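Here's the structure, in structure tokens; my notes come after.
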Amino acid sequence: MTRDQIRQVILDILAKIAPDEDLSNLKDDVPFSEQMELDSMDFLDIVMELRKGYRIQIPEEDYQHLTTMESTVTYLEPLLKDVESPAKPAG
Amino acid sequence: MNIQPARGVDGSPVPGAERGNGASGGSSRRVFRTGMNVAGSLSERPYDVVIIGAGLSGLAAGIRLAYFEKRVAILERHTTIGGLNSFYRLRGRNHDVGLHAVTNYAPPGTKKGPLSKLLRQLRLSWDDFGLCPQIESSVEFGDVVLTFDNAFERLRCQIADVFPDQADRFDRLVRRIREHDELSLSNRYQSARAIVGEYLTDPLLIDMLFCPLMFYGSPTAEDMDFSQFVIMFKAVFCEGFARPENGIRPILKTLVRKYRSLGGELHLRAGVRRLVHDGDRLTAIELDDGRRVRAHRVLSSAGAVETLRLCDPPLTAPPGVQPGEISFVETIFCLDCLPSELGHHRTIVFYNDAARFRYARPAEPVDLDSGIICSPNNFQYDRPLPEGRLRITALADPEFWLTAPEPEYREQKQRWCERLVEAALRHVPDFRSHVVDVDMFTPRTITRFTGHVNGCVYGAPNKIRDGRTPLENLFLCGTDQGFLGIIGAMLSGITIANLHVLGQSQRSVPLSPA
Ligand SMILES: Cc1cc2nc3c(=O)[nH]c(=O)nc-3n(C[C@H](O)[C@H](O)[C@H](O)COP(=O)(O)OP(=O)(O)OC[C@H]3O[C@@H](n4cnc5c(N)ncnc54)[C@H](O)[C@@H]3O)c2cc1C
């Protein structure tokens, strides 16, 4: 997947976890938690959705990389480089 | 006047009777028809998780786990789902077992708070529960009345009106409440009365605030844990009440449909009678009919003491964990008119007519000093419900109701039903000539059909917040984990599923073959 495709994957996951949030103006360099209501339960869900949709395991010590869209995409890039982009959102 | 329970005894079609008990065969009647696995073909292969109980906490935990592809089976002893908040049909009418109101209401689109958290976690939408907000409710102590609705400002103004010298103090208390992290799993017991007493000085106001919060969620007599007080304060006063037009049914059906669509198994009439263990871990789950099931982990919503009693060899409860003794009688009156036509417009009235409000196991079979009057009609529905209903609830002495021999039990039910109505007439227009049907249930009914010791609605006084038990793969969810009520129970199931199954990635060793 390309960076753009990974970004879309994350957006799809966020839309599923927080259906009442407007994600169209999400800034990539600002922490998710400063732009939307996300608590620790929701962060667990990002990890769980990635595991469910793409079979990637993210160890707890790496959760810190999932702070902003930019850092998340950078962290996931090597993990998802050989994975096909989904035709439609996973889940 | 006909205000006796028409077919009084618990041998009549009150919920307990309709469901039967898996252990003794029970009735073959299927109350619920969404294609649940009634006869039940349980898998030989170990499940990732077995959940004991298809109440609100068990169903919510099941959805979380099935959504994330765990192999889950919910084992429920009874013939239908819902536990303490189930439903039944009696003489052609639908009744809810527990539901007065869903607390923690928030309007569609709200991003914060328990209800939105819960919907997100279960991947449900606002419309799935179809909640309609209340009209207004009140706390009535003799002639002193505080009204409130789902806008917190209303209560603030009422307090400033009725208790002017307490207004600033109340605001400071509210600030303390808002700052408190009531959901932290590491909170220790703190006396809510001691903390509230640091802010408010009028004992009447203090009691009037505690009254609804205790009635709707205190497992302990007279005082509450401060975190539990804060949970209930937010649930009742800050967020408020709502109800789906058709009661608890649509909520339960939504949960079951979701759970099954994700591949979760639901087995009714599948009571667990023994949890076999080796001192560290559960090794087998034995059902009432002798079948055995294996699972990597077990979540139990049966209650703390109740779950430990299933363990074989027996396990002693950790210090402080004993069954509670707060229980209720509940009367349901069907009317030939709407409560509003009699001049009763309030959703819920919490009343007390004694000098002090006592929340404790009463010395008499039913506490006639205080109670709750709920009208399921008085919510903001699009159209009025077809029939008028009033429900009156009061504290009850579990021992009396659990031990009364059968003929006396029946007589006493009638007698106390009438006395309870008479006492409540100070706070509701006399509706007795309009009653067309009555049902009443007692702590005996609750014990019979949910298995909770002493008919305890809010479980044991000491909660086990992290859900741990002496066995490393057995966890508690629901009432005795500490989150109570309809929304609370679902959050409890979610929290424990997240904490002990989904949050940890390492595989546990499967239970050894039975
Ligand atoms: C009269 C009454 C009125 C209420 N009113 C309201 C209200 O208005 N608003 C509100 O928010 N809350 C209300 N509640 C509280 C609410 O119903 C409960 O807090 C909630 O339903 C608890 O859910 P739970 O899943 O923790 O427990 P339960 O519902 O008790 O679920 C436990 C389940 O486990 C099953 N079980 C037990 N032992 C076994 C076994 N060995 N094997 C298999 N299955 C077993 C039981 O049959 C039961 O179905 C009321 C409760 C009552 C009784």
Side-chain angles (χ1 to χ4, degrees), chain A residues 9-27 30-67 69 72 75-76 78-80 83 86 88-91, chain B residues 48-49 60-61 63-72 106-129 181-186 258 261-263 466 477 483 487 490-507:
Chain A
V9 163
I10 300 301
L11 278 178
D12 290 341
I13 289 176
L14 290 175
K16 203 183 285 186
I17 294 171
D20 293 306
E21 297 279 357
D22 175 12
L23 300 172
S24 54
N25 296 320
L26 198 77
K27 294 194 189 67
V30 178
F32 295 124
S33 57
E34 286 173 23
Q35 307 180 70
M36 49 194 292
E37 282 300 328
L38 282 188
D39 62 12
S40 58
M41 276 184 169
D42 299 320
F43 271 102
L44 174 65
D45 274 29
I46 299 179
V47 174
M48 298 290 305
E49 290 281 4
L50 285 166
R51 188 191 300 174
K52 180 174 167 174
Y54 304 95
R55 305 287 147 206
I56 49 173
Q57 296 275 5
I58 303 176
E60 215 170 317
E61 58 270 23
D62 288 354
Y63 287 7
Q64 47 169 329
H65 299 297
L66 309 180
T67 323
M69 179 62 91
T72 306
Y75 174 77
L76 291 174
L79 298 173
L80 289 172
V83 179
K88 64 184 194 61
Chain B
D48 290 324
V49 184
I63 291 174
R64 279 296 286 175
L65 297 171
Y67 181 83
F68 288 116
E69 302 171 300
K70 301 292 173 194
R71 285 187 65 239
V72 198
T110 310
K111 292 174 192 170
K112 275 192 185 170
L115 179 58
S116 60
K117 182 178 284 199
L118 157 82
L119 292 169
R120 282 177 175 202
Q121 286 274 306
L122 298 182
R123 307 288 190 266
L124 294 172
S125 79
W126 284 89
D127 299 335
D128 283 326
F129 289 171
D181 178 10
E182 70 276 14
L183 298 182
S184 163
L185 297 181
S186 54
K258 183 87 185 184
S261 74
L262 296 166
D466 64 5
C477 65
F483 300 162
I487 301 294
M490 286 191 267
L491 268 184
S492 168
I494 291 168
T495 304
I496 296 303
N498 287 351
L499 190 64
H500 296 299
V501 185
L502 300 177
Q504 52 195 100
S505 37
Q506 84 274 16
R507 290 256 86 143

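In what follows, chains are A, B, ... by sequence order, proteins preceding strands, each numbered from 1. This one's a predicted model, so the numbers in the text were calculated from it and none came from an experiment.
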Self-check item: chain B contacts, top residue of D45(A), V47(A), L44(A) (heavy-atom pairs, under 4.5 Å)
Solution: D45(A)
Exercise. Working to the nearest 0.5 Å, report the span between CD1 of I17(A) and CZ of R123(B).
Key: 5.5 Å
Self-check item: Donor-acceptor pair, side chain of K117(B) and main chain of D42(A), under 3.5 angstrom
Solution: no
Quiz item: Could you state the interatomic distance from CG (L491(B)) to CE (M41(A)), rounded to the nearest 0.5 Å?
Solution: 6.0 Å
Practice problem: Decide, yes or no, whether a salt bridge links K112(B) with E21(A) under the criterion of side-chain N to carboxylate O below 4.0 Å. | Solution: no
Quiz prompt | Side chain to side chain, N498(B) and M48(A), heavy atoms closer than 4.5 Å | solution = no
Quiz prompt | Spacing of NZ belonging to K52(A) relative to OH belonging to Y67(B), to within rounding of 0.5 Å | solution = 4.5 Å
Quiz prompt | Flag if over 12 foreign heavy atoms under 6.0 Å of CD, E69(B) | solution = yes
Self-check item: Ionic contact status for D39(A) with R120(B), cut-off 4.0 Å
Solution: no
Exercise. Measure the shortest side-chain to side-chain distance between F68(B) and R51(A) over non-hydrogen atoms and say whether it is less than 4.5 angstrom.
Key: no
Quiz item: T495(B) versus chain A, heavy atoms under 4.5 Å apart: side chain, backbone, both or neither?
Solution: both
